[in-house]
Amino acid sequence: MTADATPAPVRMRDFPGHSIALAYDIDAVAAAQPVSAHVALAALLDLYAAVDALPLTLEVTTSYLNEEFGFPLDDPVRPDSEWALHAERLPPELRIRPRAKNQRMRRSPTLDLSNCLAFVAESLRGSDRDMSPSRVGWRSMGVHACAVRLPADTPLDGGKLPVQVGRGIVRTPVEIREGARWAAGPGSPSMAEAPLECWIAQEYGELDLRVSAYWTPWCPGGSEYPALRRAVDTLVSSGWELTFEG
């Protein structure tokens with residue numbers, strides 16, 4: 001990161017970025033983990049697709065479930081509770097920081113719905129390392145690394161995207177794909193978050209989804225925010241409830 005008096009075309013907002021929270025009642029399907037995973041992943045991937053963004057990682061936390069009510073148990077902790085799916089072709093500048101220790105890592109050509117569902121199904125499969133006969137469910141899913149398609153009029157500096165992080169500038173590599181310019185994150189020690197992050201938790205018959213936009217084009221006032229907001233409205237029309245934005 002370098003100091004620069006010239007304003008960058010993209011600014012990174014401080015944690016937790018611009019946040020949007022939604023909830024979905026899954027009480028009727030909570031016992032069917034593949035069904036709730038499908039609802040969650042479809043919503044998450046639809047949000048990214050709506051703003052021309054690509055998830056590059058998917059982290060999943062699993063746990064044993066209460067037999068009577070189906071909620072996740074804190075004890076005993078499942079030995080293979082943490083899983084991560086990475087895209088096979090990751091930008092070399094990407095800095096992935098696992099959110100949990102001892103993740104079981106897998107790779108996939110793309111993180112589309114079919115591949116993500118297969119990955120979640122594998123994470124829920126019992127093994128000889130399991131210490132409990134209880135059912136296994138997914139507890140949370142999160143995307144903490146992604147690539148975004150830059151607005152066409154975004155100015156570059158020497159082929160790189162200047163991103164203002166605090167008082168400094170991070171010059172982020174840009175990749176050209178089919179005539180469009182893409183940048184990925186997080187890509188610097190000073191840039192802890194991705195341009196757009198999503199996290200979904202499942203507990204007590206409800207899905208809680210939180211979107212965090214860190215790069216200003218995807219925040220209110222930015223050129224890409226209307227597309228993000230339309231995607232949220234589409235989720236609301238399909239049964240999700242908007243619970244917070246700010």
Side-chain angles (χ1 to χ4, degrees), residues 22 24 26 29-65 70-73 77-92 94-132 134-148 182 184-186 193-203 206-212 231 235 238 240:
L22 301 104
Y24 188 91
I26 57 162
V29 299
Q33 292 296 307
V35 177
S36 64
H38 191 285
V39 173
L41 284 168
L44 185 152
L45 295 174
D46 283 351
L47 281 169
Y48 277 95
V51 297
D52 288 327
L54 296 173
L56 298 176
T57 65
L58 175 68
E59 294 180 278
V60 175
T61 297
T62 67
S63 68
Y64 297 121
L65 301 178
F71 58 79
L73 298 173
V77 176
R78 190 180 182 218
D80 295 328
S81 61
E82 304 294 339
W83 294 70
L85 180 65
H86 292 184
E88 286 181 352
R89 184 175 175 270
L90 293 175
L94 201 66
R95 291 176 175 267
I96 298 176
R97 299 194 303 176
R99 303 298 167 116
K101 296 181 179 179
N102 302 319
Q103 287 181 331
R104 299 289 300 273
M105 205 267 284
R106 299 289 185 267
R107 293 191 181 275
S108 175
T110 60
L111 270 63
D112 59 14
L113 182 58
S114 176
N115 289 334
C116 288
L117 284 172
F119 166 68
V120 172
E122 181 186 2
S123 74
L124 299 179
R125 204 169 294 137
S127 75
D128 55 7
R129 285 170 48 83
D130 280 309
M131 302 181 298
S132 169
S134 299
R135 290 187 300 123
V136 175
W138 66 273
R139 190 165 197 162
S140 66
M141 305 181 189
V143 172
H144 303 294
C146 73
V148 291
W182 292 77
E193 287 82 24
L196 188 69
E197 298 197 358
C198 282
W199 181 82
I200 301 181
Q202 172 182 227
E203 199 160 8
E206 184 174 270
L207 295 179
D208 294 307
L209 184 156
R210 182 171 290 270
V211 183
S212 292
L235 289 181
S238 67
W240 288 80

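Values below: all heavy atoms of this structure, side chains included; hydrogens, waters and symmetry mates excluded. What you see is a predicted model, and the numbers here were worked out from it, not measured in a lab.
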In Leu196, Leu45, Leu44, the residue satisfying side-chain contact (heavy atoms from CB on, under 4.5 Å) with Val143 is Leu44

Over 60° means perpendicular and under 30° means parallel, so classify the ring planes of Phe119 and Trp83, tilted if in between. perpendicular

For Gln33 and Val136, which heavy atoms make the closest approach, and how far apart are they? CG-O, 3.9 Å

Could you please spell out the steps behind the side chain to side chain contact (heavy atoms under 4.5 Å, CB included) verdict for Ile200 and Trp138? CA-CA 10 Å; Ile200 301 181; Trp138 66 273; 4.0 Å; yes

Shortest non-hydrogen pair, Gly185 vs Ala194, comes out as O-CB, 3.4 Å

Measuring only between side-chain heavy atoms, which start at C-beta, is Arg107 closer than 4.5 Å to Leu90? yes

Considering non-hydrogen atoms only, spot the tightest contact between Ser108 and Asn115 and give its length. OG-ND2, 3.1 Å

Mind listing the closest non-hydrogen atom pair of Ser123 and Arg78 along with its distance? O-NH1, 2.7 Å

So Glu203 and Arg139, do their side chains get closer than 4.5 Å, heavy atoms only? yes

If you compare all heavy atoms of Ala184 against all heavy atoms of Leu94, which two are closest, and at what distance to 0.1 Å? CB-CD1, 4.1 Å

Do other residues, nucleotides or ligands put more than 12 heavy atoms under 6.0 Å from the NE2 atom of His38? no

What distance separates Glu82 CD from Glu59 CD, expressed to the nearest 0.5 Å? 8.0 Å

